Every structure is written in structure tokens, then in C-alpha cells.
Amino acid sequence: MFSLSSMLIPAILFFALGFFAQLVRSDLKFPPDLTKALSIYLLVGIGLHGGMELAKVDPAGAIGAVVAAVGLGLGLPVIAYLILLLAVRIDRLNAAAIAAHYGSVSAGTFVTAIAFLESLKVPYESQPVIMLAIMESPAIIIGLVLANMARRGNGNGHDKRVSRELVHDAFTNGSVVLLLGSMLIGAIAQPAGLNKILPFYETMFMGVLSLFLLDMGMEASRRIGDFGKVGPSLLVFGIAMPLLGGAIGLAVGHWVLGFGVGGTLLVAVLAASASYIAVPPAMRLAIPEASPALFLTLSLGVTFPFNIVLGIPLYFGAAQWLASQ
Amino acid sequence: MFSLSSMLIPAILFFALGFFAQLVRSDLKFPPDLTKALSIYLLVGIGLHGGMELAKVDPAGAIGAVVAAVGLGLGLPVIAYLILLLAVRIDRLNAAAIAAHYGSVSAGTFVTAIAFLESLKVPYESQPVIMLAIMESPAIIIGLVLANMARRGNGNGHDKRVSRELVHDAFTNGSVVLLLGSMLIGAIAQPAGLNKILPFYETMFMGVLSLFLLDMGMEASRRIGDFGKVGPSLLVFGIAMPLLGGAIGLAVGHWVLGFGVGGTLLVAVLAASASYIAVPPAMRLAIPEASPALFLTLSLGVTFPFNIVLGIPLYFGAAQWLASQ
Amino acid sequence: MFSLSSMLIPAILFFALGFFAQLVRSDLKFPPDLTKALSIYLLVGIGLHGGMELAKVDPAGAIGAVVAAVGLGLGLPVIAYLILLLAVRIDRLNAAAIAAHYGSVSAGTFVTAIAFLESLKVPYESQPVIMLAIMESPAIIIGLVLANMARRGNGNGHDKRVSRELVHDAFTNGSVVLLLGSMLIGAIAQPAGLNKILPFYETMFMGVLSLFLLDMGMEASRRIGDFGKVGPSLLVFGIAMPLLGGAIGLAVGHWVLGFGVGGTLLVAVLAASASYIAVPPAMRLAIPEASPALFLTLSLGVTFPFNIVLGIPLYFGAAQWLASQ
Amino acid sequence: MKPVKRIEIVIEEIELENVIDELDRIGVVGYTIVPRAGGRGERGVRYESVQGLGNVLMTIACDEQQAARVIEVIRPILKRYGGVCLVSDAMWVIHDS
Amino acid sequence: MKPVKRIEIVIEEIELENVIDELDRIGVVGYTIVPRAGGRGERGVRYESVQGLGNVLMTIACDEQQAARVIEVIRPILKRYGGVCLVSDAMWVIHDS
Amino acid sequence: MKPVKRIEIVIEEIELENVIDELDRIGVVGYTIVPRAGGRGERGVRYESVQGLGNVLMTIACDEQQAARVIEVIRPILKRYGGVCLVSDAMWVIHDS
Ligand SMILES: Nc1ncnc2c1ncn2[C@@H]1O[C@H](COP(=O)(O)O)[C@@H](O)[C@H]1O
Ligand SMILES: Nc1ncnc2c1ncn2[C@@H]1O[C@H](COP(=O)(O)O)[C@@H](O)[C@H]1O
Ligand SMILES: Nc1ncnc2c1ncn2[C@@H]1O[C@H](COP(=O)(O)O)[C@@H](O)[C@H]1O
Ligand code: NA
Ligand code: NA
Ligand code: NA
């Protein structure tokens with residue numbers, strides 16, 4: 001059963017510690033290369049684990065997840081874009097840039113949800129990992145399309161080149177390659193060899209995640225300084241959008257994909273989370289007119305901590321409720 | 001039983017290897033970010049372990065340790081300062097800067113002492129970890145006070161600002177936040193979650209420590225070039241002061257806190273060791289007139305290797321002798 | 001039994017993933033400090049393991065391996081040099097620089113061969129680790145001698161100084177110090193202490209190796225851009241030389257040292273592999289006239305991937321055949 | 001020694017590849033890069049972090065004609081993405097004279 | 001292009017925050033920072049290491065008036081903690097002209 | 001402020017020790033080092049990687065006489081190993097005046 005004590009999992013506590021450290025302006029600082037190293041490790045770890053699980057499953061069963069992932073990746077940024085234009089009323093280019101972030105996903109949030117499920121000993125489906133890998137890309141393309149629409153008329157010579165570059169990046173960016181590549185390795189490598197590397201990638205996983213979240217807590221907290229630039233209605237968007245995305249994800253996970261509580265939570269988290277790794281540089285290239293202070297503050301400073309601390313338990317409660325109907 | 005072979009623990013041997021590598025001017029070099037990453041890991045590991053142990057103990061039992069830590073943290077730098085002024089006869093500002101280092105502690109030495117105890121299978125109390133966290137701060141304040149006293153008259157406009165900054169740093173510096181934060185997490189996190197992260201923080205701990213000490217061996221050895229600047233009487237201080245601190249620590253551990261051999265050794269090591277992480281930048285800010293070549297060479301080049309190689313076994317022998325009385 | 005599936009070990013697959021990532025111009029990039037950290041870990045891990053194994057063996061049995069290592073280290077670069085001069089027909093200075101790389105060894109290839117053997121559960125002798133440590137040095141000296149011979153007449157003022165520096169580097173470079181030092185620690189440290197650090201150095205080893213090879217796959221792939229500068233005959237050399245070296249290594253391992261299949265494979269890999277860590281900077285210092293684009297592309301871009309993917313299974317097949325005679 | 005222009009450019013990491021392509025196009029071979037720089041300008045603070053949106057410092061020594069061409073290709077990039085380009089005079093110590 | 005002063009400052013990492021506060025106070029917005037630099041001066045060698053006492057290189061492009069104010073606030077910090085400040089002339093490639 | 005020469009040197013990491021020894025020999029105390037730089041020149045691309053063959057950026061502020069001596073000892077190293085040395089004019093903000 002779920003209770004407040006389930007929030008006392010180390011992953012969340014370490015995130016809170018990092019957030020606090022930065023809040024009191026401690027001189028604690030992770031070297032940026034350490035952050036990158038931890039990300040690489042986590043992505044490979046998720047991929048390997050997912051690939052091994054998927055190898056056990058009927059491959060046809062994964063097709064639904066793939067379709068759902070593409071659908072969410074294309075649909076969510078459009079929804080976000082419309083809300084930003086019509087309700088929040090910001091300009092089209094910033095709206096496009098922010099929307100792309102919400103169509104994509106946060107691997108850190110995804111893994112924290114897994115830590116949450118494991119601490120409650122709730123089982124979960126293996127397909128969401130493929131969805132994680134897939135959902136990185138379409139949102140970048142949609143962001144580009146929205147921006148080009150917004151910009152139509154005031155054409156810019158660089159555009160074609162940048163567009164080609166971005167479509168390339170969308171499918172070859174580091175996270176996608178690491179996730180898909182290590183899923184493949186997890187699926188095809190011979191078991192004796194895999195068993196030799198699992199002590200590193202599985203036994204250590206939750207510990208490394210705690211260190212990563214300590215660091216991300218600091219990163220998130222560092223963004224608070226820009227809340228003023230973001231303004232109240234966008235801040236509200238940063239919480240409303242994951243709630244809406246989470247609801248859509250719950251529906252997709254429960255009804256469309258027929259997942260149990262665990263898998264449904266993970267789909268909700270995919271839909272609710274916003275990218276802060278692959279999409280920011282892509283949007284910076286694609287829409288230089290958009291302000292990084294806006295999209296980074298929203299994805300990293302608002303939505304990410306919201307999901308880690310409140311979103312995950314909330315979506316979990318909802319997934320339980322759905323399952324009990 | 002203690003014998004020479006107890007010095008052949010990997011922690012000490014790796015320290016010696018690093019020392020040797022730098023001595024023969026090998027091009028071996030750890031990236032500075034790796035050093036930082038290892039420190040972060042070790043501090044979180046110590047904290048988590050300590051927090052879990054403390055949660056099992058009567059909280060009232062920790063109060064004595066807290067008081068003793070504050071006492072040592074305030075008393076030791078004053079003793080060091082007087083010795084430096086009256087016996088070594090160096091100027092007041094350098095004396096204040098050096099004294100602050102000896103009031104604080106070296107987490108690396110502390111953990112090596114734990115490795116030493118574990119290799120001998122000697123149990124130890126859990127309270128010294130809180131003392132480790134606490135003793136980082138008071139020495140910085142005392143250093144500042146001593147410097148301000150020394151400087152009285154030739155006032156400097158920056159002082160107030162710097163003082164405020166330093167008091168803030170004393171309580172929020174990275175080591176303190178990591179140690180206290182992860183102690184708290186170790187104490188309150190739900191056990192299922194903790195068990196998932198322990199393979200990373202406990203099973204790996206001694207291995208990571210060996211790598212850290214390999215690096216610190218190189219750092220220590222690199223300081224030998226400055227022995228000339230330090231001069232013979234300060235070098236003697238660098239060995240005499242840990243001996244005196246160690247004796248005071250032994251007394252406090254054995255008689256005041258009533259610890260067994262293990263806990264007494266750890267208190268001795270806290271008192272005997274000098275900071276080379278938190279205090280140097282603080283003293284550089286507080287007392288720019290003081291020479292980093294002096295305080296870094298003493299704490300990192302003299303006292304640290306002395307404690308690792310000779311001090312720990314010596315204090316341990318003394319703790320055994322006290323216990324056998 | 002050996003089959004194609006034995007190539008599906010994670011080590012090789014991760015190498016292929018890295019190679020592929022760079023080929024499709026993914027933005028995936030390991031921070032250079034991470035690469036260095038992984039190398040340090042692997043060298044210490046190999047050394048410790050080797051030292052523990054060697055401590056069990058009759059020390060006299062190691063003498064043969066030492067002599068064979070020095071012999072290979074001195075002989076292979078001379079053979080490579082003659083081939084480069086007479087068959088490939090490049091200038092003497094480039095020939096000397098390239099030859100030195102082939103006399104030395106690649107620890108990454110060596111460890112991949114160990115992963116290969118372990119996945120097939122084939123036992124192997126412990127002496128090749130000493131050979132790995134020893135073979136780093138002589139090739140550097142030979143490279144220097146060959147270059148000085150080539151340069152005789154058009155003397156250069158710096159030479160003496162550089163020579164002294166290089167002889168020093170040959171025996172104190174980081175890889176040598178780490179390997180020999182941790183072999184010694186593995187051999188003499190008390191077992192209780194060693195057992196505490198083995199979870200880090202042994203249990204994690206194959207996982208860390210997979211990450212390292214992911215990175216090296218990218219490094220190797222990055223060199224393809226210089227294939228044009230290298231030209232077809234040198235590229236052929238980059239594959240022919242490991243085949244020749246491998247054959248010599250097989251002969252030395254099987255007949256001279258009397259090793260089983262496992263040990264014979266490892267000696268073959270030592271002889272077949274080319275250094276890309278210790279030798280390149282040494283040759284850059286020693287023979288600035290030589291082009292790094294040539295020696296790095298050959299050792300890192302041609303011979304390394306060839307050995308990882310094709311060479312190891314090939315030498316293994318040959319070692320099996322020899323053993324079955 | 002030979003008088004040259006010393007061009008110093010601060011751009012975002014993600015534009016580096018683009019800038020190098022432009023240099024190739026106009027035949028500028030030499031440059032030096034300092035990665036992982038931070039900074040602040042009209043577009044706010046840029047610090048090295050997970051997002052790879054930190055700065056890169058590029059220095060190019062070249063003759064006056066080349067400098068003019070470098071500036072020409074850099075300007076639209078600066079206009080689009082921000083950044084700074086400073087040009088100053090220096091003497092290049094030629095190896096052989 | 002516009003003529004500017006190029007100010008180049010080498011200070012210890014720990015003073016960076018302080019210097020930025022001073023720049024804020026006098027209204028200087030733009031600067032570029034190269035972290036993790038080493039060096040040697042009157043106060044001995046400074047190398048990047050555990051102690052966080054390494055150097056940081058800061059470059060500021062600004063007009064002559066601002067330069068005078070920057071120098072004014074930097075001087076006491078240099079005096080107290082050491083370091084170097086060099087000022088030279090450069091042309092700033094303005095985005096739009 | 002005092003007029004000085006600002007010498008900027010790009011060399012390979014492995015030659016740094018050598019260059020510092022030469023500076024010691026001619027009595028030049030102060031320098032600043034930015035490690036881990038990349039670049040491209042006549043000898044191709046140099047990027048920071050496992051091989052430790054990346055670039056290092058060294059800046060030396062000194063008077064004209066010292067500058068001449070620095071150039072003299074640097075030139076043969078540049079000739080042998082490649083790299084760049086630029087000399088420009090700057091004003092050094094002296095701490096006390
Ligand atoms: N006045 C300046 N002096 C030095 N660097 C600057 C200046 N203005 C901007 N920069 C650098 O250029 C980057 C982009 O500037 P901006 O496009 O103005 O935001 C900043 O992050 C700084 O690194
Ligand atoms: N003449 C110089 N040229 C270049 N950098 C210098 C010079 N003198 C000092 N520095 C830099 O300024 C830092 C502090 O110098 P100092 O306060 O003289 O010890 C040194 O660590 C160097 O990085
Ligand atoms: N024109 C240039 N401008 C700036 N840096 C250069 C230039 N030429 C060479 N360099 C730097 O000097 C290094 C060695 O150059 P080279 O010896 O010409 O290959 C390169 O890797 C660059 O970092
Ligand atoms: Na999403
Ligand atoms: Na102490
Ligand atoms: Na070889």
C-alpha cells in the first residue's frame with residue numbers, strides 16, 4: 001500500500017538534499033563531467049535492463065508501445081503549443097521551443113519512478129523503456145515544424161541547413177543512441193557475458209541514481225533565480241502541463257496498452273516529464289529567438305522537481321485507482 | 001593483535017604507490033574532476049553508513065559526542081596557535097591560518113582509520129561520524145577570530161563582508177552538507193530503498209577509497225617541493241601537532257566518551273588530522289596574507305602522510321593500551 | 001566450443017556501438033576525464049588481479065615470461081621497422097615512430113581478450129599480466145634508437161635532453177607504474193584487506209570495461225577520417241602486422257612458454273596489439289618529424305578494431321588448433 | 001615576426017561545428033579552441049552544465065584579408081545565436097625567421 | 001566594428017563570485033570565463049587541485065569608461081589576493097553593422 | 001598601469017614542462033596556463049583525447065626585454081613541435097598604483 005513513507009526513498013531524498021544544498025548556497029558542486037558520466041551510465045543501465053526484459057517478451061507486444069510512443073511524442077507538443085499560445089499567450093517561437101520539451105521525456109524522472117516502484121515492490125512492464133528511447137526524437141521534429149510555421153514569411157537563409165542538421169540530431173543524439181544501442185545489446189548478447197557486466201549496471205544502479213539526483217537537485221534549484229523572468233502564468237503551466245500529460249499517459253497506459261499499475265505509472269511519467277538533456281540544445285539551434293531561460297527553467301526548475309516529489313506518487317495513486325475500477 | 005602486517009592494508013599501500021609515483025616523477029595524473037567525484041562518493045558513503053548506525057543508537061548517546069566535537073574543534077586550533085606563536089615563532093596571520101587546519105579534520109584519514117579497523121576486525125562506535133561532520137566548521141570560525149585579533153588596528157574594508165561570507169561557508173560548505181545530509185538520509189530513508197543503494201555505497205566503498213588514496217598519495221608527494229619554504233621547525237610542528245592532537249583525542253575518546261578501542265582510535269584521528277579540503281579555501285579568503293605554501297604543505301604534505309602511515313597504527317596501539325589498563 | 005555467438009560478448013558489442021555512434025555522427029561524447037578515469041581503474045584492476053594470481057605461482061615460473069616479454073618488446077618493433085622501410089617504403093622517421101607502437105601493447109585489447117576467454121569459460125595463465133606491464137617500455141627505447149640512427153648526421157641540439165627524458169618516461173609512465181604497483185599490492189597486501197576492495201575491482205570489472213570500449217569504439221571510429229592521409233599500403237600494414245605479431249605471439253606462448261589455450265591467446269594479443277596510450281606521446285616527443293595522423297590512425301583506427309573484432313577470435317582459433325596438435 | 005590579426009570568438013558549444021565548416025569554406029586552416037567556458041551577455045548567463053549550452057572560446061591568427069572574410073562569415077552566426085567577436089593586432093612569431 | 005577595451009583578469013576561483021558582484025554593482029553585464037586555469041606568479045604556483053585554489057580567466061570587452069570602473073573595483077581585489085589584470089585594445093564586431 | 005608585452009603560446013601538453021624549464025632558466029616567473037585546449041594548424045587537428053596530445057594555452061605578461069628572451073627560447077620548440085606564439089601590447093594594472 002502507498003503511504004507518505006514511500007516518499008522517503010533515497011532517490012527523492014538525495015534530490016531534496018541537492019535542492020537544499022543549492023538553496024542555502026553551499027559551495028557543493030559536481031564537476032560537469034561527473035554529471036555527464038552519471039547520465040551515460042544510467043542510460044546504458046536502463047537500456048541493458050530493458051533489452052534483457054524485452055528479449056523475453058513477444059516482439060509483437062512491443063508494437064503497440066512503439067505506436068503509442070510516437071503518438072504521444074507527436075501529440076503532446078501540439079497540445080502544449082496550443083495551451084501556450086491560447087491560454088498562456090506567449091509568442092509563437094518561445095511556445096514552439098517549450099512545447100518540444102514537453103513532448104520529449106526526462107530519463108531521470110523515468111528512473112526515479114522505477115526506484116519508486118521497486119521500493120514498493122510493484123512490478124512493471126518492460127515496454128515503457130522502448131517508449132523512453134522513442135519519445136526523445138519526434139518532439140524535436142515537431143518543435144522544428146512549429147517554429148518554421150511560426151516563422152513563415154520572415155525566412156532565414158540558415159534554415160534549410162539547420163533543419164537538416166536537426167532531423168539528423170533528432171535520431172542520432174547521444175541519449176537515443178545509448179538507449180537503443182544498449183537495449184539491442186541487452187537483447188542479443190550472450191547471457192554468460194551479460195552476467196559479467198550486470199554487477200556493474202544493475203547492482204550499482206540505484207546508488208548511482210541517488211548521486212545523479214543529488215546533482216540534479218542542485219541543477220533544478222539553480223534555476224529558481226530565473227523564476228522572475230518566467231512569470232506566474234508560465235510557472236503554472238510548468239505544473240499544469242505535467243498533470244495533463246500525466247493524465248493522458250495514465251489513459252494510454254491503462255486503456256490503450258492495457259498495462260498494470262507499474263507500467264501505467266511509467267507511461268504517465270513519460271508523458272508528464274519534460275526533456276532537459278536532448279531537447280534544449282536542439283531547440284537552441286532550431287529556435288535561437290527563444291529564450292533558454294524560459295524553457296530550461298520550466299523543464300528543469302519546475303516540472304522536474306514537481307514530478308520527482310509530487311507527480312510520481314500522484315500518478316501512482318491514480319494508476320492504482322484505475323486498476324481498482 | 002596488532003602487527004606490522006596490519007600496515008599492509010590496500011588503503012595504505014595505494015597511498016604509498018601514489019606517493020612513489022609522484023616521487024619518481026611519473027606522468028601518472030588523476031583528472032582533478034575524478035578527485036572531486038571520489039571525494040563526493042566517499043563523503044556520502046561515510047554519511048549514509050553513519051546515519052544508519054546512529055539510527056540504531058539512543059539519540060541521547062550522541063549528545064556527548066557532539067559536545068566533545070565542538071570542544072575539540074574550538075580548543076585544538078587555539079592550542080596549535082599558541083604553539084605556533086610561542087614555540088615555532090611564526091607571524092600571527094600564518095599561525096592563525098595553520099591553526100585552523102589542525103582544528104578541522106581530514107575525512108580521508110578518518111576513512112583510512114576505518115579501513116584499518118575493519119581489516120583487523122575491530123568494532124567501532126558510530127558517534128565519531130557525527131563528530132567528523134561537526135568538526136569541519138568551528139575551526140574555520142576560530143581561524144577567522146584569531147586572524148581578526150592579529151589584524152586589529154590595520155583594519156581592512158573587506159573584512160566584514162569576508163567574515164559574513166566565511167561564517168556562511170563554515171556551515172554550508174560541501175563536505176558538511178554532504179556528510180550531514182547523507183547521515184540524515186541514512187537515518188530516515190525506508191530500509192527497502194536503502195538496501196538498493198548500499199551495494200554502491202558500502203560494497204564499493206573500500207575499493208573507491210583505495211583509488212582516492214592513490215590520488216592523495218600523489219597530492220601529498222607533490223608538496224615535498226615546498227619543504228624548503230616551510231623550514232625545519234614548522235615541519236617538526238607538522239608531526240608534533242598530530243601527536244599532541246592524537247593524545248588529546250585518545251583521552252577524550254577513552255575517558256570522556258567512554259568508547260572502546262575502535263571509537264577511541266577514531267576520535268584520536270579526528271583530533272590528530274588536519275583539513276586539506278574545506279579549510280584551505282576558507283583561510284585563503286579569510287587571511288590572504290598567509291601563505292598557502294605553508295598551510296597546504298603542512299596539512300597535505302606532512303601531517304596527512306604521517307597519520308596514514310605511522311599515526312593510525314600508533315594511536316591504535318595507544319588505544320589498545322588504554323583499554324587494557 | 002568456439003562459434004560466432006562468442007563474438008556477441010558485451011565488450012565487443014559495446015565497442016561496435018561506440019564505433020557506430022561516431023559513424024552516424026551522433027553527438028555522443030565521453031568527457032576525456034572519464035576516459036582517463038576508466039583507464040586508471042582498468043589498469044589497477046588488471047594489476048591487482050594479476051598480482052594475486054602471481055602470488056600463488058612459483059616465482060621462477062615468471063622469469064620465462066619476463067624474458068619473453070623483453071624479447072618481444074625489442075624484436076617486434078625491429079621487424080615492423082624493416083617491413084615499413086622495405087615493403088611499405090615510408091621514410092625512416094615515420095617508420096621508427098610506427099614501429100615503436102607495434103612493439104608495445106594495448107591494455108584495452110588485452111582485457112577484451114580476457115573477457116572473451118571468461119565468456120567461454122576458458123582458463124588462462126597469470127604470467128601474461130607481467131608481460132603486459134613489461135612490454136610498455138622496451139618499444140619506446142627501440143623507437144628512440146631507430147630514430148637516432150635514422151637521424152644520424154643531421155644532429156639536433158635537443159636530442160640528448162629528449163633522450164634522457166624518454167628513457168625516464170619509458171620506465172615511469174603512468175600505465176607501467178599503475179600495473180606494476182597494483183600487481184605488487186595484489187601480491188603483498190593482507191587478504192582481509194584485499195577482500196574488501198575486490199568487489200570494486202573485480203565484480204565491477206567487466207562492466208567498466210564495456211563502458212571503456214564504448215568510448216574506445218568512438219575514438220577508433222573518429223580516426224577513419226584520416227584513412228586518406230595514411231594510404232592503402234600502410235592500411236594493409238595495420239592489418240598484416242597484427243597478424244604477423246599474433247603468429248609470433250602464438251608461437252612464443254605455445255612452444256616457448258608452454259601455455260595452454262588461454263595463456264597462448266593472451267601472448268598472441270600482446271604481440272599483435274599496438275599501443276595507443278603510452279607510446280604516442282613518447283614518439284611525439286622523440287620524433288616530432290613523424291606524423292601523429294599516421295601512427296594514431298594505424299594503432300587506434302585500424303589495428304585496435306581489427307584485433308577486437310576479428311583478431312581475438314582468430315588467434316583463439318589458432319591457439320586451439322595448436323593445443324589440439 | 002609578422003603582423004597579424006588576432007580574432008577571438010565566443011560562441012555556444014553547439015555552433016562550433018558550424019563555424020568550423022565556415023572556416024573550411026573560406027580556407028582558414030588554423031585555430032585554437034578552449035572548450036567549457038562560461039559567461040554572461042545580453043542573453044543571460046551561460047554556464048557549462050548538462051545541457052551542453054556552455055561557451056567555447058576560439059582564437060584565430062590570420063592576415064588582414066582572411067580576417068575580413070572570417071568576420072563576414074561569423075557575423076550572421078553571432079546575429080542569430082549571440083556571442084562576441086573581438087579583433088586585435090598581434091605579431092606572430094614565425095618559426096623560422 | 002567598434003573600438004573597445006579588452007580586459008583580461010586572472011584571479012583565484014574563490015574570488016570569482018566576489019568579482020561578479022562588483023561587476024553587477026557597476027553595471028557591467030558581459031564577461032567570459034575560462035575556469036580551471038593554472039599559473040605561477042609572485043605567490044608561487046597555482047594548480048588546479050582538490051583545494052579549489054586554481055585560477056579563473058575572465059575576459060571583459062567594454063568601452064573605455066566602463067574599463068576605468070572595472071579597473072577601479074578590481075585593483076583592491078588584486079592587491080589583497082594577487083592575480084593579474086591586462087588591458088588592451090580591440091575592435092568589437094557588432095552583430096548588425 | 002604599465003605597458004607590457006602579452007605573449008600567448010599554444011603548445012602541445014607534453015612540451016609544457018620543457019617550456020617552463022626554459023622560462024625558469026631565463027628568469028621569467030609569471031605565466032597563466034589554460035589546459036585542455038584543442039585546435040588545428042599545419043600539423044592537422046589536435047584534440048584532447050586519451051593520447052595526451054592536446055594543446056595548452058600559455059599567457060605571459062612581461063616587459064619588452066624579457067619578451068625578446070622568451071621568444072628566443074620558444075622559437076626552437078615551435079620549430080620542432082609546431083604551435084603558435086603571438087605577441088601583442090597591453091597595459092598591466094599594477095596592484096598599488
Ligand atoms: N562584453 C562582453 N565581454 C566578454 N564576453 C562577453 C561580453 N558579452 C558577451 N560575452 C560572451 O558572449 C556570450 C554570449 O553573449 P550574448 O549573446 O550577449 O548573451 C556570453 O555568454 C559571454 O561569454
Ligand atoms: N607575468 C604574468 N603573466 C601571466 N600571468 C601571470 C603573471 N603573473 C601572475 N600571473 C597569474 O596570476 C596568478 C596570481 O599571480 P600572483 O598573485 O603574482 O601569484 C598566477 O597564478 C598566474 O596565473
Ligand atoms: N592560425 C592559427 N590561429 C590560431 N591557432 C593556431 C593557428 N595555427 C595553429 N594554431 C594552433 O597551434 C596548434 C599547432 O599548430 P601547427 O603546429 O600549425 O599544427 C594548433 O593545434 C592550433 O591550436
Ligand atoms: Na513528456
Ligand atoms: Na584535527
Ligand atoms: Na604489440
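Keep in mind the model is a prediction, meaning the values are calculated, not measured. Residue numbering restarts at 1 for every chain, and letters A, B, ... go by the order of the sequence lines.
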Examine whether an atom of Phe14(A) lies under 4.5 Å from a heavy atom of chain B, and if so say whether it belongs to the side chain, the backbone or both; otherwise answer neither. both
Lys121(A) portion near chain B, given a 4.5 angstrom heavy-atom threshold: side chain
Approximate separation, where rounding is to 0.5 Å, of Thr172(B) OG1 and Leu23(A) CG: 12.0 Å
Per-residue contact mode, Ala189(B) against chain A (heavy atom under 4.5 angstrom): both
Gap separating the NZ atom of Lys196(B) from the CD atom of Glu118(A), nearest 0.5 angstrom: 4.0 Å
Tested for side chain to side chain contact (heavy atoms under 4.5 Å, CB included) against Leu34(A), the lone hit among Ile40(B), Asp33(B), Leu34(B) is Ile40(B)
For a quick test of reading the model, state the closest non-hydrogen atom pair linking Pro31(A) to Lys36(B) and the distance between them. CG-CB, 3.9 Å
Distance check, rounded to the nearest 0.5 Å: Leu194(B) atom CG versus Ser119(A) atom OG? 10.5 Å
To the nearest 0.5 Å, tell me how far Ser210(A) OG sits from Phe200(B) CZ. 6.5 Å
More than 12 foreign heavy atoms under 6.0 Å from CZ of Phe20(A): is that the case here? no
Residue among Asn195(B), Leu198(B), Ile197(B) satisfying side chain to side chain contact (heavy atoms under 4.5 Å, CB included) with Met206(A): Ile197(B)
How many angstroms lie between CD1 in Ile185(B) and CG in Leu214(A), if you round to the nearest 0.5 Å? 7.5 Å
Treating Asp27(A) as the side-chain partner and Gly174(B) as the backbone partner, does any N or O pair qualify as donor plus acceptor under 3.5 Å? yes
Is Val44(B) close to chain A through its backbone or its side chain, or both, or neither, when contacts mean heavy atoms under 4.5 Å? side chain
To the nearest 0.5 angstrom, please state how far the CG atom of Leu184(B) sits from the CG atom of Leu13(A). 8.0 Å
